[in-house]
Protein chains: 2
Amino acid sequence: MNYTAFLEETSICKEAFYKHALTEDCKTVRIKKEKTIIKNLEKIFEATFRICAEKGFQGMTMRDLSTESGLSMGGLYSYFSTKEELSITLQRAGNTFVGKWLEEQSKDIEDPEERLKKVIRTHLYLSELMQPWFYFAYMEAKNLNRKERETAKQAELYTEKIIFDILVEGEKRGQFKTRNHNLTSAVLKAALQDWYLKRWKYQKRDTSVDQYADFVIELFNAYYFN
Amino acid sequence: MNYTAFLEETSICKEAFYKHALTEDCKTVRIKKEKTIIKNLEKIFEATFRICAEKGFQGMTMRDLSTESGLSMGGLYSYFSTKEELSITLQRAGNTFVGKWLEEQSKDIEDPEERLKKVIRTHLYLSELMQPWFYFAYMEAKNLNRKERETAKQAELYTEKIIFDILVEGEKRGQFKTRNHNLTSAVLKAALQDWYLKRWKYQKRDTSVDQYADFVIELFNAYYFN
DNA sequence: GTCTATACACAGATAGAC
DNA sequence: GTCTATCTGTGTATAGAC
């Protein structure tokens, strides 16, 4: 599998994400027609990502968002009752969406080695496709209220747990070496995150997501085999 | 070397950092007596780190900072002429301080393998000692203006370059395998950063900085030797 | 050198026209 | 369903007393 294949084989598209966001998390929308909502949610989300990448969520004003999204101030507030709610919705929608996908993609692969590869690739490809959201979620998580921050941490641990379980299973079967699986999954996760956090760096060096995936797999293989 | 040994052997202490900040970067302080400045800079910096860890720099108000630092609003503004300047000073002071230290600690080690170990340990120990600053610098860099953001990126690349050069030298001497040194130094850097970015996770698992350092060294050794 | 009190701009949020 | 106009609280920054 490579990134191009991933794009073709998966039905993930932006619309699915907004639909998901709507049904799972946007309970307070005051608009009736679904088509209208999806269209405007897309405008709002994309604008938020663009602005926040530049000056952060706290630094973004509702006027900024109004200008960038093309909706009026009043219009914005028919989709969210407060600015904070917008942030929470974005976090939740992405977390549940990504979690669901990672699980679905890897659940039917039995062999730990193959499964680990699949998870690494899927995570990287997903973050490539939805980079603005991944970046936003990572950077703005600490500014949430206590409860939502806790949820975000759980989402972080959830991905790590998927990797951890594969390593444990691989060791049990005698395929992987005995290592500190806790630390390995933590550092592997960090490597996966670096891909969407330092995009400027990898772009400047013309590193493709497939090159990066191959490298990460090779690095951890060297540690877990031979 | 371990963390305890590092603490004893280095003369790094908080006062040195504030002195450094003052002489290198705080050009606009309106106060005369150095002793007073150091004392108050410490209060201001520490308070900033505490508040920003909770709600980010943009989310911190000058009233928050006044309360937390114990200085009055007017008092604060005799150390910085704007809020933005406080952020810039913090970024710069740390970046130059850390860069200077990393270089000084590793420059007299000839052997690439030993040198790499030294750099890994020094970076981790330094980030352990000054975690609040490292966290702040990473998280708030994107909210700087264009020029300062560029400087911050250069600081990130600088550390990576130190690692990169060691890998290249090691390969040249036939001690290390031929690998993609660019990607390796990038991922190694990401592993070093994870230590101060996810402190909550490692603390919960009772992972010590020495354990983490040993692990990182082992992981990359497995890739570069055998 | 540090404080209190205050200016004044701008933020988030809403009411009500269309 | 979306807009414009506006309210009100809070933010940064400063002037001037001590």
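The sequence lines fix the lettering, A, B, ..., with proteins before strands; numbering per chain opens at 1.
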Between CZ of B:Arg149 and CH2 of A:Trp200, what distance do you get to the nearest 0.5 Å? 11.5 Å
N/O (side chain, A:Tyr79) to phosphate O (OP1/OP2, D:dG1) under 4.0 Å: no
Side-chain contact, heavy-atom cut-off 4.5 Å: B:Ile44 with B:Leu86? yes
Roughly how many Å is it from CG in B:Leu71 to C1' in C:dT4, rounded to a whole number? 14 Å
Once you round it to whole Å, what is the distance between P of C:dG1 and CD1 of B:Ile44? 14 Å
Could you go through A:Arg146 and B:Glu54, starting from their C-alpha distance and side-chain angles, then the distance that decides it, and tell me whether this counts as side-chain contact (heavy atoms from CB on, under 4.5 Å)? CA-CA 9 Å; A:Arg146 192 172 295 276; B:Glu54 196 69 21; 4.2 Å; yes
Whole-Å distance, B:Leu86 CG to D:dT12 P, equals 11 Å
Close side-chain approach of B:Met60 to B:Leu65, heavy-atom, < 4.5 Å: yes
Starting at atom CG of B:Asp64, determine the distance to atom C1' of D:dT12, rounded to an integer number of angstrom. 13 Å
If you take the centroid of each ring, where Trp contributes its six-membered ring, are B:Tyr196 and B:Tyr135 closer together than 6.0 Å? no
Between protein and nucleotides 10-15 of chain C, map the contacts as a letter string: B base, S sugar-phosphate only, - none, heavy atoms under 4.0 Å, written 5' to 3'. -BBBB-
Euclidean distance, atom CG of residue B:Leu76 to atom P of C:dC3 [Å, nearest integer]: 9 Å
When the distance from CG of B:Leu41 to P of C:dG1 is rounded to whole Å, what number comes out? 13 Å
Rounded to whole Å, the CD1-P distance (B:Ile51 to D:dT12) equals 11 Å
Is there a donor-acceptor contact under 3.5 Å from the side chain of A:Thr122 to the main chain of A:Val119? no
Would you say A:Asn40 reaches D:dG1's phosphate, i.e. side-chain N/O to OP1/OP2 under 4.0 Å? no
